[in-house]
Amino acid sequence: MRAFAELLDRLSLTASRNAKLVLLRDYLRSTPDPDRGWALAALTGDLTFDAAKPAMIRKAVEARIDPILFGWSYDYVGDLAETVALIWPRDPDHRPNREPELAEVVEALRTAGRGQVAALLEGWLDALEPKGRWALLKLMTGGLRVGLSARLAKTAAAMIRPAAVTEPPDPEGGEAVTPLEPVDASDIEELWHALTPPYADLFAWLEGRGERPSADAPGRFRPVMLAVAIDEAVDFDKLDPADYAAEWKWDGIRVQGVREGGTARLYSRTGDEISGAFPDVMEGLAFEGAVDGELVVWRDGAVAPFGDLQQRLNRKTVDAKMMAAHPAAIVAYDLLAESGEDLRALPLVERRRRLVALVEGGGGERLHLSPVVPYADWDELARLRADPPVGAAAEGLMLKRWDSPYLAGRPKGPWFKWKRDPHVIDAVLMYAQRGHGKRSSFYSDYTFGVWTEEGALTPVGKAYFGFTDEELKQLDKFVRDHTIERFGPVRSVRAERDFGLVLEIAFEGLNRSTRHKSGVAMRFPRVSRIRWDKPAREANTIGDVMDLLDAIESGGGRLSRAIG
């Protein structure tokens, strides 16, 4: 565990992307199998333990120290793993002679029953130093939070590949040097769903000791092609409208629907299988191949607002009533494979032609075609973007070169996204809560509200990003200086008509909500500006917010820029 703990600690304290890649690359090069494979699985989110729960960890530590002291400590630190790692008192009579290895911990947790995990946990915590305890608890709960995405971890794995391998000398010819082709994250993603931890065959291939693992498993995930945000001030002067197809950027979630050799699967854009939550979609697809598109709720022949789809997200299973009320479908905009043929190297215009033929020829009742938006020039397209005729379900436009192949990752040039401007309101800071990980010592999660007719504040959302590190320090100081009440890790901040901090909040959409006191729920709220200059009394009202919601619902989803 020591090397793994050191890796997690250094990753969590390193801000640079390239430095993180080097740290993980060096760890994967120097760590033997199977430890490095289990570490890679943990960092990519492919390693979970059903028997290890946070409640069990709290119960174990409260059996060794006073629960009130632990509660105060947890409140101050803000992170369960870090708190337990620092406060855990060893039992000197039952301390093992050595620290456990990562593979030993993983194998034990994979085979242990729920009743056995507590004893294993206590023994390991007694054997480890604080840094090792922290890594152990992060591993068990699955919340590593070290600033490393799954794709970045795969990029680091690709970096261990040497430029060449040297064969042992033979009696006659001496050493033979065999050059190796470089590998990138997309090559690994292509294989990922055919691999299982701890990935011995993957590392053998990367190091030139074995053959490339087969990616021909039916129903596999293909690495997705992503768009870059267009720079309106620069890019349009360089682009020819005739070279690009325009499509609506549907307000759903990116998915990949695959039916191959009797295997049917639905993947998110990150490769997580979500088939079980959308059985109606899987039953309604009738093609042989792999389709790239947007998962939406399809009602009355059109895409419903994103709030309808939210009713079905993050569910492992769904009942017939939910499926009937919120029927899901795929709006398809690309065809990656058809009848065993890989189409990704073909230009978009050819893939599009075959996609149209597939959908119109009977791709299934849950598959619909994303139409191409006709336009003459960028000015006309800008007018369509500002006031789309398709309703609330479009959050902007996509621009795709007609001659572009389907390339994994985010290449600059072939695909652009041109999102509509977000809504913006001015709200007053009401509550603040400590963050997690690197933010555990800062109040970084902010609940904000708007004024009611009675002159009181009602919460309308919560934001925890959109500000710089320097602004975070300023916000944290304001919270500490103007706290009026405490509720565990939450602080109530002074907020009155004549005193309060106004935050400019940007968000993508509004939905009615019976779960929220205000009656509305925001989509992707974030702090776009701190209004140190604006008096709290001039923040927006709940009437402003409801007027905007009415405009969205009655006006076809037109997004006014700002209110107030």
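Heads up: numbering here begins at 1 and tracks the sequence.
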Return the [atom1] to [atom2] distance between [X] and [Y], rounded to the nearest 0.5 Å.
X	Y	atom1	atom2	value
T48	R110	OG1	CZ	9.5 Å
L40	L47	CG	CG	10.5 Å
W418	F236	CH2	CZ	4.0 Å
E294	I253	CD	CD1	8.0 Å
K20	N18	NZ	CG	11.5 Å
T14	L24	OG1	CG	11.5 Å

Mind checking whether [X] and [Y] have side chains closer than 4.5 Å, heavy atoms only?
X	Y	answer
W38	P197	yes
L8	L43	yes
W378	L239	yes
P347	W402	no
I330	L285	yes
F4	D35	no
L369	L355	yes
M522	V460	yes

* Whether H368 and W298 hold their rings parallel, tilted or perpendicular, with breakpoints at 30° and 60° -> parallel

Minimum-distance pair of heavy atoms, taken over all atoms of [X] and [Y]:
X	Y	answer
K154	I188	O-CD1, 3.3 Å
A194	S214	CB-O, 3.4 Å
R420	R385	CG-O, 3.3 Å
F507	P525	CB-CA, 4.0 Å
L28	A157	CD1-CA, 3.7 Å
G413	Y244	O-OH, 2.9 Å

Any donor-acceptor pair under 3.5 Å from [X] side chain to [Y] backbone:
X	Y	result
R259	A286	no
R351	L346	yes
H193	G271	yes
R315	F278	no
R29	M159	yes
R222	L336	no
D445	G435	no
Y406	M225	yes

Say whether [X] and [Y], considering side chains only, have a donor N or O and an acceptor N or O under 3.5 Å apart.
X	Y	value
D272	T270	yes
R254	Y333	yes
E504	S528	yes

Counting only heavy atoms from other residues, nucleotides and ligands, does the tally under 6.0 Å from [atom1] of [X] exceed 12?
X	atom1	value
R10	CZ	no
F49	CZ	yes
D469	CG	no

* Show your working on side chain to side chain contact (heavy atoms under 4.5 Å, CB included) between E207 and I160 and close with a plain yes or no. => CA-CA 7 Å; E207 294 175 335; I160 74 169; 4.1 Å; yes

* How about Y199 and W205: are their ring centres within less than 6.0 Å of each other? -> no

* Does the pair R410 and R151 meet the rule for a side chain to side chain contact (heavy atoms under 4.5 Å, CB included), with working shown? -> CA-CA 12 Å; R410 201 184 297 271; R151 182 171 177 83; over 6 Å; no

* Cationic tip of R36 above F203 ring, under 6.0 Å, 45° of axis -> yes

Is [X] salt-bridged to [Y], going by a charged N under 4.0 Å from an acidic O?
X	Y	value
E181	R212	no
K249	E508	no
R383	E380	no
R512	D550	yes
E190	R344	yes

* To do: Determine, step by step, whether L397 and W248 satisfy the side chain to side chain contact (heavy atoms under 4.5 Å, CB included) criterion, reporting the C-alpha distance in whole Å, the side-chain angles of both residues, the deciding distance to 0.1 Å, and the verdict.
  => CA-CA 5 Å; L397 288 162; W248 295 116; 3.3 Å; yes

* Apply side chain to side chain contact (heavy atoms under 4.5 Å, CB included) to the pair V297 and Q311, showing each step before the final yes or no. => CA-CA 10 Å; V297 167; Q311 302 298 315; over 6 Å; no

* Structure fact -> Result for side chain to side chain donor-acceptor pair (under 3.5 Å) between W192 and one of D46, T44, D187 points to D46

